[in-house]
Amino acid sequence: QNHSTESQTIAESLCAILFLEESTPRQVFTEFLVARKAAIQRLFHTSEQAASIKTQICSIASILISTVVQIDTVFNDPNQSDTKCLLVEVIARNSSEATAPPHFLPSWSASLSNNVLHSSCEEWMSTCLQDVTNGLQILLGYITSVKSLTSIRDAVYALLRSQSVFVSNRSDKLSDWQTACLAVVGRRISIWDEFVRPLVVKRIEKITSERFAVLTEEAKRSTKNALERVVESPIDRDVASFIWSEASDGEASLRCQARGCTPLIREICQDVDSHLDRIGADVGIFLDDPDSPESDGDSTRPAFREEDVPFDCLADGVHLRTLVHTQSCRFINTWTQWIETQIASMHDEVLYYGADHAGLVQGVDAVDRLASWRVRLARMHWFSGAFF
C-alpha cells in the first residue's frame with residue numbers, strides 16, 4: 001500500500017509472493033491494484049483526517065500517479081525483444097538462481113497481455129474515481145471559502161508539475177505520467193480534471209450561493225432597521241435640508257447629496273457593497289494563474305512552457321464570472337422586490353390610518369429613495385466593475 005516504494009522493491013516483493021503462494025502474474029497484479037485502492041480509501045477514514053484536506057487530496061493524487069507509473073514499470077511488457085517488464089526480469093533472475101529442482105518451481109506466462117492490462121487499469125481507475133468522488137464530497141463540505149479551494153488547486157498543480165510525477169524505470173530513464181497512462185490505460189488521464197476539478201467547482205458554486213443567501217437576509221435586516229431609525233434622524237427625514245446642507249466629507253458626500261442619498265441609505269449600501277466586494281475578491285483568487293509572476297509576487301520568475309503545464313487553471317474563469325454575475329443580479333432583484341413589498345405594505349398602512357402618520361409617510365419616502373438609488377449604484381459600481 002506504500003506508493004512511495006521503489007519499483008524494484010515492488011517487483012521483488014511480488015516475485016516473492018509468486019514463489020511462496022504459487023500465484024500467477026495476473027493474480028499478484030490484481031492484489032497490487034486492490035492494495036492501492038485500499039490505500040486511497042484509508043485516506044478518507046476518521047483516523048487519517050488529522051491531516052489537512054489539501055494534504056489528503058495531494059496524497060490521493062500521488063497514489064494515482066505512482067500506481068499507474070509503477071504498473072507501466074513493473075507489469076507492462078513493451079513487446080521489445082531486448083526489454084522485458086521489471087517483474088519478468090526479477091522472476092527470471094530468481095528462477096535462475098534458485099537451488100530447488102526445476103519441477104518444484106512454478107511456471108508462469110511471460111507477462112500480462114495488453115488487453116488484460118488496459119481493462120484492469122481502466123476498471124481500477126473507474127472504481128477509484130467513485131471512491132474519490134464520494135470521499136471528497138464529504139471533505140470539501142468542510143471548506144467555507146474559495147480561497148481555501150484555490151490553495152488545494154495550487155497544491156495539486158504544483159504536485160503534478162513537480163518531479164514527483166516521474167519515477168526512474170528499469171533503464172534509469174524518466175517515465176512520465178502521461179506516457180505511462182497511454183501505455184497501461186490506453187489514454188491520457190488528468191488527475192485534476194477527472195478526479196478533483198468537478199467537485200471543487202461544485203463546492204465553489206455552493207459557497208457562493210450560500211454567501212449570497214446570507215447577504216440577502218442581512219440586507220433585508222439592515223434596511224428594516226434603517227427604516228425604524230428614520231424617525232430619529234432629522235437629516236434622513238428632511239431630504240431637502242440634507243441636499244442643501246454643507247457637505248462634511250468632501251466630494252463623496254456631494255455626490256450622495258446630489259442623489260438624495262441620506263446617511264442611513266449610504267450606510268446600508270456601503271455595507272452591501274463591502275459584502276459584494278468580499279465575495280468577488282474570494283472568487284477572484286481562484287481565477288489567478290499560479291504560474292503568473294503576479295500570483296506570488298515574483299516578477300523575475302520565467303513563465304513555464306505550455307508543455308510543462310499540468311492543467312489549465314483558468315478553464316473555469318468564464319463559468320465562475322458568470323456565476324457571480326448571475327448571483328449578484330438575483331440578489332439585487334430579490335432585495336429590491338422585497339423593498340417594493342415593504343413600500344406597498346407601508347402605502348397600504350398610510351391609506352388605512354390616514355395621512356396624519358407623518359413618520360410613516362417619511363419612511364415610505366426613504367424606502368422609495370433606497371430602492372431607486374440602490375439599483376443605480378448596483379449597476380454602476382458592481383456589474384461594470386473590474387471583476388467582470
Side-chain angles (χ1 to χ4, degrees), residues 40-46 48-65 125-161 189-218 274-292 295-296 309-331 334 382 387-388:
I40 291 177
Q41 292 174 332
R42 185 164 54 85
L43 289 171
F44 297 113
H45 291 171
T46 304
E48 296 295 326
Q49 290 184 359
S52 69
I53 296 175
K54 179 168 65 176
T55 300
Q56 288 176 275
I57 293 176
C58 288
S59 296
I60 292 169
S62 295
I63 292 175
L64 293 170
I65 292 168
M125 277 288 179
S126 297
T127 57
C128 287
L129 176 59
Q130 187 61 48
D131 291 338
V132 170
T133 298
N134 294 337
L136 286 188
Q137 281 179 335
I138 297 174
L139 291 180
L140 295 180
Y142 295 107
I143 296 178
T144 58
S145 72
V146 181
K147 182 178 180 180
S148 298
L149 293 172
T150 304
S151 178
I152 291 174
R153 181 205 63 186
D154 292 348
V156 175
Y157 186 90
L159 172 67
L160 297 180
R161 199 184 60 192
I189 297 174
S190 172
I191 296 292
W192 171 256
D193 290 330
E194 296 185 34
F195 287 83
V196 186
R197 175 188 171 194
L199 301 174
V200 168
V201 173
K202 185 177 180 180
R203 184 57 188 160
I204 292 176
E205 294 170 350
K206 181 68 173 177
I207 290 173
T208 304
S209 177
E210 290 174 347
R211 295 185 69 175
F212 271 105
V214 171
L215 173 57
T216 300
E217 294 306 313
E218 289 185 355
S274 66
H275 277 82
L276 289 171
D277 287 339
R278 285 196 295 272
I279 294 173
D282 191 32
V283 177
I285 294 174
F286 195 81
L287 305 180
D288 289 339
D289 186 352
D291 272 342
S292 66
S295 65
D296 58 7
V309 176
F311 58 84
D312 183 7
C313 291
L314 306 182
D316 299 298
V318 173
H319 170 67
L320 295 179
R321 286 185 174 90
T322 302
L323 170 70
V324 178
H325 183 272
T326 302
Q327 294 278 4
S328 300
C329 291
R330 185 176 296 124
F331 157 70
T334 301
W382 179 250
F387 183 74
F388 299 104

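Remember, predicted model here, so these are calculated numbers, not experimental data.
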- Message: Can you give me the closest heavy-atom contact between Asp131 and Phe44, atom names plus distance?
- Response: O-CE1, 3.9 Å
- Item | Distance in Å, Phe212 CZ paired with Leu276 CG, rounded so as to fall on 0.5 Å steps | 5.5 Å
- Minimum heavy-atom distance between Phe195 and Cys128, given as atom pair plus value: CE2-C, 4.0 Å
- Query: If every non-hydrogen atom of Cys313 is compared with every non-hydrogen atom of Arg153, which pair is closest and at what distance?
  - Reply: O-NH1, 3.4 Å
- Which is it for Arg211 and Arg278 under the side chain to side chain contact (heavy atoms under 4.5 Å, CB included) test, yes or no, and what are the steps along the way? CA-CA 10 Å; Arg211 295 185 69 175; Arg278 285 196 295 272; 4.0 Å; yes
- Minimal non-hydrogen separation, Gly317 against Leu287, with atom names: CA-CD2, 3.5 Å
- Can you tell me how far CD1 of Ile53 sits from SG of Cys58, rounded to the nearest 0.5 angstrom? 12.0 Å
- Task: Would you indicate whether the side-chain heavy atoms of Lys206 and Glu210 approach each other to under 4.5 Å?
- Result: yes
- Which atoms form the tightest heavy-atom contact between Ile207 and Ser145, and what is the distance? CD1-N, 3.7 Å
- Is there a donor-acceptor pair under 3.5 Å between the side chain of Arg203 and the backbone N or O of Ile143? yes
- Does Thr216 have any side chain to side chain contact (heavy atoms under 4.5 Å, CB included) partners at least two apart in sequence or in another chain, and if so, which? Lys220, Phe331, Thr334
- Please round to the nearest 0.5 Å and tell me the distance separating atom OG1 of Thr127 and atom CD1 of Ile40. 8.0 Å
- Minimal heavy-atom distance between Val132 and Leu199, with the atoms involved, is O-CD1, 4.2 Å
- Partner set under side chain to side chain contact (heavy atoms under 4.5 Å, CB included) for Ala213, not counting sequence neighbours: none
- Task: Report the C-alpha separation of Leu320 and Thr208 in whole Å, then their side-chain angles, then the decisive distance to 0.1 Å, and conclude whether the side chain to side chain contact (heavy atoms under 4.5 Å, CB included) test is met.
- Result: CA-CA 10 Å; Leu320 295 179; Thr208 304; over 6 Å; no
- Hey, could you give me the CG/CD1 distance between Leu136 and Ile60, rounded to the nearest 0.5 Å? 5.0 Å
- Task: Evaluate side chain to side chain contact (heavy atoms under 4.5 Å, CB included) for Leu43 paired with Ile63, printing each intermediate quantity in order.
- Result: CA-CA 11 Å; Leu43 289 171; Ile63 292 175; 3.9 Å; yes
- Between Leu140 and Leu149, is a side chain to side chain contact (heavy atoms under 4.5 Å, CB included) present by the stated rule, with each step listed? CA-CA 8 Å; Leu140 295 180; Leu149 293 172; 4.0 Å; yes
- With rounding to the nearest 0.5 Å, note down the distance linking CG in Asp277 to CG in Asp282. 12.5 Å
- Output for pair (Glu205 CD, Asp316 CG), nearest 0.5 Å, gives 9.0 Å
- List in chain and number order the residues that pass side chain to side chain contact (heavy atoms under 4.5 Å, CB included) with Ser126, two or more places apart in sequence or in another chain; answer none if no residue qualifies. Glu122
